[in-house]
Protein chains: 2
Amino acid sequence: MTIYDIAREAKVGIGTVSRVFNNSPKVTSETREKVILVATRLNYQPHAFAQALARKRSNTLSAIIPFFTNYFFIQVLQGVQESLVPLGYDLIIHGANNQEQLEEYLSRSMRKGRTDGTLLFSLELPDKFVEEFTDKKIPLVLVDTFHPQFDSILVDNTIGTKTAIEHLISLGHRRIGMINANLKSAPARERLLSFKKTIVEHGLEVDDAIVINSTSTRNDGFSREAGYFAMRNLLERDIVRPTAFFISSDIQSIGAIGALKEKGFRIPDDVAIVSFDDIEIAKYFDLTTMHQPMYDMGELAVKKLLFRIENLSAPVSSFKFTPDLIIRGSCGKNKNYTFNDTNEMGVHEPTEQPR
Amino acid sequence: MTIYDIAREAKVGIGTVSRVFNNSPKVTSETREKVILVATRLNYQPHAFAQALARKRSNTLSAIIPFFTNYFFIQVLQGVQESLVPLGYDLIIHGANNQEQLEEYLSRSMRKGRTDGTLLFSLELPDKFVEEFTDKKIPLVLVDTFHPQFDSILVDNTIGTKTAIEHLISLGHRRIGMINANLKSAPARERLLSFKKTIVEHGLEVDDAIVINSTSTRNDGFSREAGYFAMRNLLERDIVRPTAFFISSDIQSIGAIGALKEKGFRIPDDVAIVSFDDIEIAKYFDLTTMHQPMYDMGELAVKKLLFRIENLSAPVSSFKFTPDLIIRGSCGKNKNYTFNDTNEMGVHEPTEQPR
DNA sequence: CTGAAAGCGCTAACAT
DNA sequence: ATGTTAGCGCTTTCAG
């Protein structure tokens, strides 16, 4: 089934068939009807790649994420995918488990014609690619990572951290520890800086004995294990235990809570915890945390990327989302949280996502 | 940059250039070198769609999943994606939130040339598509869903359920309840049947007052909310409380545990729970559950699909994985599970996935 | 408004 | 072994 077949059947030229399918106005509604009729009868479907080749446009976007099984990315991707569908775009997803794979995927994305643009998540764009992407003017938008020469979407870690710490302080905590991810991650650095700054601003003291930066390279320390070991390590130190912790991600909190429970500590009674992300399972653990609007980030990423595709030379722009404090039970507030809470219910399934 | 450019520069014909890039043996290593040299100098990349058009092969597969934010699918997809990459294939992912979207995606997948084959997850293939897919011989493999005319990959719900129940019985439980998903889902039906059968086989009695099938349509009742409400409903009944529950998915267990805790019950002391899936967060909740080998399912799905692509007329085949019982703390065994347990550690990150 | 024809970049069959 | 040519299926001039 090609346009030739349907052209022959409808007794028109292939150009006309093409015009009909491209909604060209210069076609009599009469011939249009005729063509449509034949096309549906023959169950015609345009060949995607032939179209792409002729149009020089693939209607396909690609997304490169660090880890497949990371809720943060999945939730952002949901926003991406759902806003892409109505536009007729398809999404290719690449999970880059290491630097080598990242480069492989980046190369594929640059491969002419493969995709119209790409989304890079939380990964630093290797130097050798920045030149290539800019030179070839390949549309690229960065999500949760930054480079001055490309569009990006970020979360304000400074404000987010400040809000989290001030929540703890407002609850009466004076000795606050931090469990951080690996400092080679930019968000980890920003969160640490803001943590210290906020503590000092409130006349409290930063005690480095209760601040732990992960040395794990796996997922840059944003992992359950990293959280577990950091907390266990800290609890074994011969120091005055903090009454509260700021932990740089929900997933680390879950590990840290494991370590706390092992030692017999109760949350929030013995120690309060506030973390960052608000991934879906945060509510199952009743975690007070800084919410990142992942779905919205995905939507905006798509918007930016599509804009870039249309406007190759527009000035680069960057947008920062401000995270919101979500109060659940891990800081001793709102202890009577239940699964009934309609605010909490259903936030995690597509049909009821905040849009 | 096209083969013409590099052909001109290298002073050869375009055919030769093409041959070099397709590793044709009929080319002198001399000319090959020359071509490669020019190509790398000009930073040439073959145009994916032109290739696809000429080869009649896209090197792209698509996967249709019911919900984006469902760990089961994500984990299977990880297996899919990782086994695809080395083969040079790309993966397009479609999240179908409803019947309409499902049909839209199926149509896209059938669109000639778009993909070489598709993977359909846990969704019933609508009748009108079975004919089309078979007629047009479009490669399709079903994962966690079944149709006699297509290849499929399944999990043995009957054996899985039997194993789970017998574990409970071996622990001394005699009054066992079940919280099930919506019976319009095939796995839910199979699990219910096997539950009753196993109970009876062991000389126990099936009490319908402690068996609840979800009426939720959202995700067919495989959701936290469905689990929560089912359990709450059951606990409010004026009956003898079961000492143990078989719950048809981990995600429902998490909801059910919420309901149990609200009523002041402790797990596993007051009630034991065994469920199904072993999604990543099951271990965070210390859930004893039937493990589905999701990563392996993804790998096998790819293998089957690629085979089908090469052998359009091979007989249809179906493979059933047998789930394994993973004993954690929710049945009162192995209570001293810690985050240290190396068996448990790292199972959830790509680099250390069981292969 | 419509048909014919020239690509889009590549592969593969056909010559040489 | 290598160059040439005819498609792959569609879009888009260019005539008419």
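Small disclaimer: the values here were computed from a predicted structure and weren't measured. As a basis for the values below, the full set of heavy atoms in this structure was taken, side chains included, without hydrogen atoms, waters or symmetry mates. Within every chain, numbering begins at 1; the chains are lettered A, B, ... in the order of the sequence lines, protein sequences first and strands thereafter.
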Exercise for the section: Decide whether A/Ser58 and A/Asp116 meet the rule of one side-chain donor and one side-chain acceptor closer than 3.5 Å. Expected result: yes
Problem - Polar contact flag, side-chain donor to acceptor under 3.5 angstrom, B/Lys303-B/Ser83 - result: no
For nucleotides 9-11 of chain C, tabulate all protein N/O to nucleotide N/O atom pairs closer than 3.5 Å, reporting atom names and distance.
from, atom 1, to, atom 2, distance (Å)
C/dG9, OP1, A/Lys56, NZ, 3.4
C/dG9, N2, B/Ala50, O, 3.4
C/dC10, OP1, B/Tyr44, OH, 2.3
C/dC10, OP1, B/His47, N, 3.1
C/dC10, OP2, B/Ile3, N, 2.6
C/dC10, N4, B/Tyr4, OH, 3.3
C/dT11, OP1, B/Asn22, OD1, 3.4
C/dT11, OP1, B/Asn22, ND2, 3.3
C/dT11, OP1, B/Gln51, NE2, 2.9
C/dT11, OP1, B/Arg55, NH2, 3.1
C/dT11, OP2, B/Ser18, OG, 2.8

Problem - Selection: residues 24-34 of chain B, any non-hydrogen atom under 4.0 Å of DNA chain D - result: B/Lys26, B/Val27, B/Thr28, B/Thr31
Problem - Between B/Arg218 and B/Asn97, a side-chain donor and acceptor under 3.5 Å - result: no
Exercise for the section: Answer with yes or no whether the side chains of A/Gln51 and A/Asn59 bring together a donor and an acceptor at under 3.5 Å. Expected result: no
Exercise for the section: Taking the six-membered ring for Trp and the full ring for Phe, Tyr or His, determine whether the centres of B/Tyr71 and B/Phe73 are under 6.0 Å apart. Expected result: no
Exercise for the section: Describe, as an angle rounded to 10 degrees, how the axis at the first end of the helix from C/dC1-D/dG16 to C/dT16-D/dA1 is tilted relative to the axis at the last end, five pairs per end. Expected result: 50°
Fill in the blank from the handout: Residue pairs meeting side chain to side chain donor-acceptor pair (under 3.5 Å), one or both in residues 140-152 of chain A, sequence neighbours left out, come to A/Ser122-A/Asp144, A/Asp151-A/Arg308, A/Ser152-A/Ser318
Practice task
Walk along DNA chain D from 5' to 3' and tell me the first and last nucleotide with an atom closer than 4.0 Å to a non-hydrogen atom of chain A.
Solution key: D/dG9 to D/dT13
Handout entry: Set of residues satisfying side-chain hydrogen bond (donor to acceptor under 3.5 Å, both in side chains) with respect to A/Ser24, sequence neighbours excluded
Key = none
Exercise for the section: Kindly state whether the ring of B/Phe121 and the ring of B/Phe72 have centres lying under 6.0 angstrom apart. Expected result: no
